[in-house]
Amino acid sequence: MKYITPALCALLVSRGYAQEADASGTDTSVAERPTFTPTNLKAPFLEQFTDDWQTRWKPSHAKKEDSKSDEDWAYVGEWSVEEPSVLPGIVGDKGLVVKNPAAHHAISAKFDKPIDNKGKDLVVQYEVKLQKGLECGGAYMKLLRNDKKLASDEFSNASPYVIMFGPDKCGTTNKVHFIFKHKNPKTGEYEEKHLKSPPSIKNDKLSHLYTLIVKKDNTMELLIDNKSMKNGTLLEDFSPAVNPPAEIDDPNDKKPEDWVDEARIPDPEAKKPEDWDEDAPFEIVDEDAGKPDDWLEDEPLTIPDPEAEKPEDWDDEEDGDWIPPQIPNPKCEEASGCGKWEPPMKKNPAYKGKWTAPYIDNPAYKGVWAPQTINNPDYFEDKTPANFESMGAIGFEIWTMQSDITFDNIYIGHSIADAAALRAETFDVKKPVEDAEEAKSKPKPSEKPKSPRDLVFMDDPITYIREKLDLFVTLAKKDPIEAIKFMPEVAGGIGGVLALTIAFVALLAGSGTAAAPSKEEIKKTAQQAKEKATEVKDQAVDAVASGAEAVKDEVNKRTTRSSDKPE
């Protein structure tokens with residue numbers, strides 16, 4: 001069996017990616033990339049961006065209306081359908097890609113039939129892959145209101161929508177939007193209802209699955225990668241509320257002028273005591289204090305620096321008499337103090353401060369005033385806000401500073417089971433492949449030095465400690481005494497790990513007559529190694545931080561998105 005040192009074992013366990021290896025040591029954990037096969041599932045709208053995607057999706061030629069100025073911008077951002085170039089998952093799996101950074105993009109696709117979820121559940125699901133991350137921009141979709149005038153080439157931020165759903169990040173904004181527009185049955189006007197406390201986006205280069213489920217009983221659930229991130233109801237978890245209050249404050253009700261709303265007042269009958277001295281100081285000289293025996297009254301607080309030397313280029317005639325700089329008197333540091341002794345101050349027992357009358361309950365108090373309530377003339381009650389208006393199209397209308405945002409595997413329908421089945425065919429297949437690709441692409445340590453003695457702590461503290469420990473273990477197996485003499489920094493600095501190491505070596509490298517260690521023993525010892533390695537790693541990180549601050553101090557010594565918000 002190939003010997004694995006305790007330090008290396010602890011490192012692998014602590015990082016959580018210890019993997020099995022075959023007899024040749026080859027890593028077999030990375031799965032081969034599967035090939036894309038279009039789904040056979042059906043839905044009111046299901047898009048996988050196959051080769052005929054352009055028959056459904058039309059880029060907009062409209063201009064974006066800015067809500068904060070008279071200017072407008074054309075949707076010049078280009079769209080493409082292609083395979084991801086960063087951490088690819090399934091071979092042949094193409095998605096809709098935002099091609100231009102710092103540009104306005106708009107594209108939409110009409111539904112074959114309007115989607116009406118009255119009396120049904122609504123499921124909206126799609127994948128987002130931020131191939132270059134997301135610093136400022138949106139990756140949300142809009143489900144557009146069914147309208148005879150709806151034209152793909154005129155789709156813009158002004159196009160009326162029913163639901164807006166998906167990631168958005170810029171500045172302090174970092175959320176997965178769920179906004180729906182609700183029609184006031186009295187006025188006919190629409191008002192946006194925003195989900196309270198929405199979850200944050202997944203901002204990495206992997207594919208992530210965003211799922212929204214709105215049930216006919218008005219409950220909702222928002223999932224990311226099939227993990228529930230937010231639950232609530234349309235009636236309780238949105239702002240402003242769907243239904244206005246039944247009663248409101250009477251705007252014509254005014255507080256009477258003689259209304260007393262002060263619950264407590266200074267006692268008008270209280271008087272300052274005759275012996276109350278407001279002028280007494282807070283502190284007085286401690287007359288009982290005595291000068292310490294070691295007080296050096298004849299010693300100055302500072303003295304000329306005895307090590308200072310007059311600069312060679314000092315000219316007494318031009319620069320005047322040279323005077324060495326002053327330093328703290330070292331004698332004063334060893335004694336209680338130097339210079340003229342004065343008694344310290346102490347708190348004045350006679351101090352009372354400024355007198356104020358005590359407070360009493362106000363006999364005229366009438367309570368906190370509040371206007372009377374009246375029936376709200378604008379009140380209505382919508383018990384079924386989940387019955388959204390009919391939806392006729394889907395659109396992506398975004399502005400982003402990053403390109404290569406990819407959308408894929410869009411499901412809009414009424415079946416939670418079908419959305420889960422599509423996830424199983426697509427996202428669940430590509431996720432482990434992308435995860436493996438990400439692990440492979442992580443930066444690897446530079447070429448290992450020829451000898452652990454050549455390592456530099458500041459270059460890589462973790463590798464430094466690991467390799468030092470491994471070398472110490474190798475030497476200790478032959479001669480522990482010589483190992484301590486050769487590497488005293490290991491023996492003294494991480495003695496706790498040394499004891500654990502010897503126990504671990506005893507298990508793995510025992511004599512041929514000794515019983516092989518059980519899996520439970522190895523697991524227990526590895527856990528102990530993990531805990532010790534974590535402790536050492538934390539110390540190394542602190543050391544790096546301290547070293548950086550020291551360098552900074554030394555240097556100091558030597559050198560005297562579019563303005564338009566989502567709807």
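FYI, side chains are in, hydrogens and waters are out, and symmetry mates aren't considered; it's all heavy atoms of this structure.
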Inter-residue atom distance M391.CE - N146.CG, 0.5 Å rounding: 9.5 Å

Full working for salt bridge (charged side-chain N to carboxylate O under 4.0 Å, His left out) between D116 and K118: CA-CA 6 Å; D116 188 345; K118 290 181 176 62; 3.7 Å; yes

Side-chain heavy-atom pair H177, P198 within 4.5 angstrom cut-off: no

Geometric class of the F396/Y126 ring pair [parallel <30°, tilted 30-60°, perpendicular >60°]: tilted

Enclosure of D52 CG (heavy-atom neighbours >12, cutoff 6.0 Å): yes

ring-ring contact (aromatic ring centres under 6.0 Å, His included) partner of W57, chosen from F155, W79, F49: F49

Separation of I374 CD1 from N376 CG (nearest 0.5 Å): 8.0 Å

Residue pair E221 / S228: nearest heavy atoms and the distance that separates them: OE2-OG, 2.7 Å

Under 3.5 Å donor-acceptor, N117 side chain and A386 backbone: yes

Side chain D382, main chain T384, donor-acceptor under 3.5 Å: yes

Neighbour count above 12 (heavy atom, 6.0 Å) for Y359 OH: no

Spacing of K99 atom NZ and I405 atom CD1 [to the nearest 0.5 Å]: 12.0 Å

Nearest heavy atoms of P34 and G89, plus distance in Å: CD-O, 4.0 Å

Heavy-atom side-chain contact between D253 and W369 under 4.5 Å: yes

Approximate separation, where rounding is to 0.5 Å, of E236 CD and N243 CG: 11.0 Å

E381 atom CD: more than 12 heavy-atom contacts under 6.0 Å: yes

Side-chain donor/acceptor of H105 to backbone N/O of A103, under 3.5 Å: yes

Any donor-acceptor pair under 3.5 Å from K193 side chain to A241 backbone: yes

Under 3.5 Å: donor-acceptor pair, side chain of W259, backbone of G367: yes

Validation row: Y210, P167 side chains within 4.5 angstrom (heavy atoms): yes

Backbone of R56 reached by a side-chain donor or acceptor of K110 within 3.5 Å: no

Distance-minimising heavy-atom pair for D267 and A357: O-CB, 3.8 Å

Over 12 non-hydrogen atoms of neighbours within 6.0 angstrom of CG in D258: yes

Minimal non-hydrogen separation, A139 against F407, with atom names: O-CE2, 3.5 Å

Expected output: side-chain N100 to main-chain E78 donor-acceptor under 3.5 Å: yes

T219 side chain vs K215 backbone, donor-acceptor pair below 3.5 Å: no

Pair Q372, D250: side-chain N/O donor-acceptor within cut-off below 3.5 Å: no

Q402 (side chain) donor-acceptor with E135 (main chain) under 3.5 angstrom: yes

Side chain to side chain, N174 and S200, heavy atoms closer than 4.5 Å: yes

M141 side chain reached by L212 side chain, heavy atoms, under 4.5 Å: no

Non-hydrogen atoms of K129 and P84 that approach each other most closely: CE-CB, 3.6 Å

For the student: nearest non-hydrogen atoms of I90 and T426, plus distance: CD1-O, 3.9 Å

Pairing of K431 and E434 as salt bridge, 4.0 angstrom limit: no

Polar contact flag, side-chain donor to acceptor under 3.5 angstrom, T39-Q48: no

Over 12 non-hydrogen atoms of neighbours within 6.0 angstrom of NZ in K186: yes

Step-by-step side chain to side chain donor-acceptor pair (under 3.5 Å) determination, S159 to E397: CA-CA 10 Å; S159 300; E397 187 273 316; over 6 Å; no

Charged N-O contact under 4.0 Å between R264 and D361: yes

W399 backbone acceptor or donor facing H104 side chain under 3.5 Å: no

F180 and H182 aromatic ring geometry - parallel, tilted or perpendicular at 30°/60° bounds: perpendicular

Other residues, nucleotides, ligands: >12 heavy atoms within 6.0 Å of K202 NZ: no

Distance-only donor-acceptor check, side chains H208 and D225, under 3.5 Å: yes

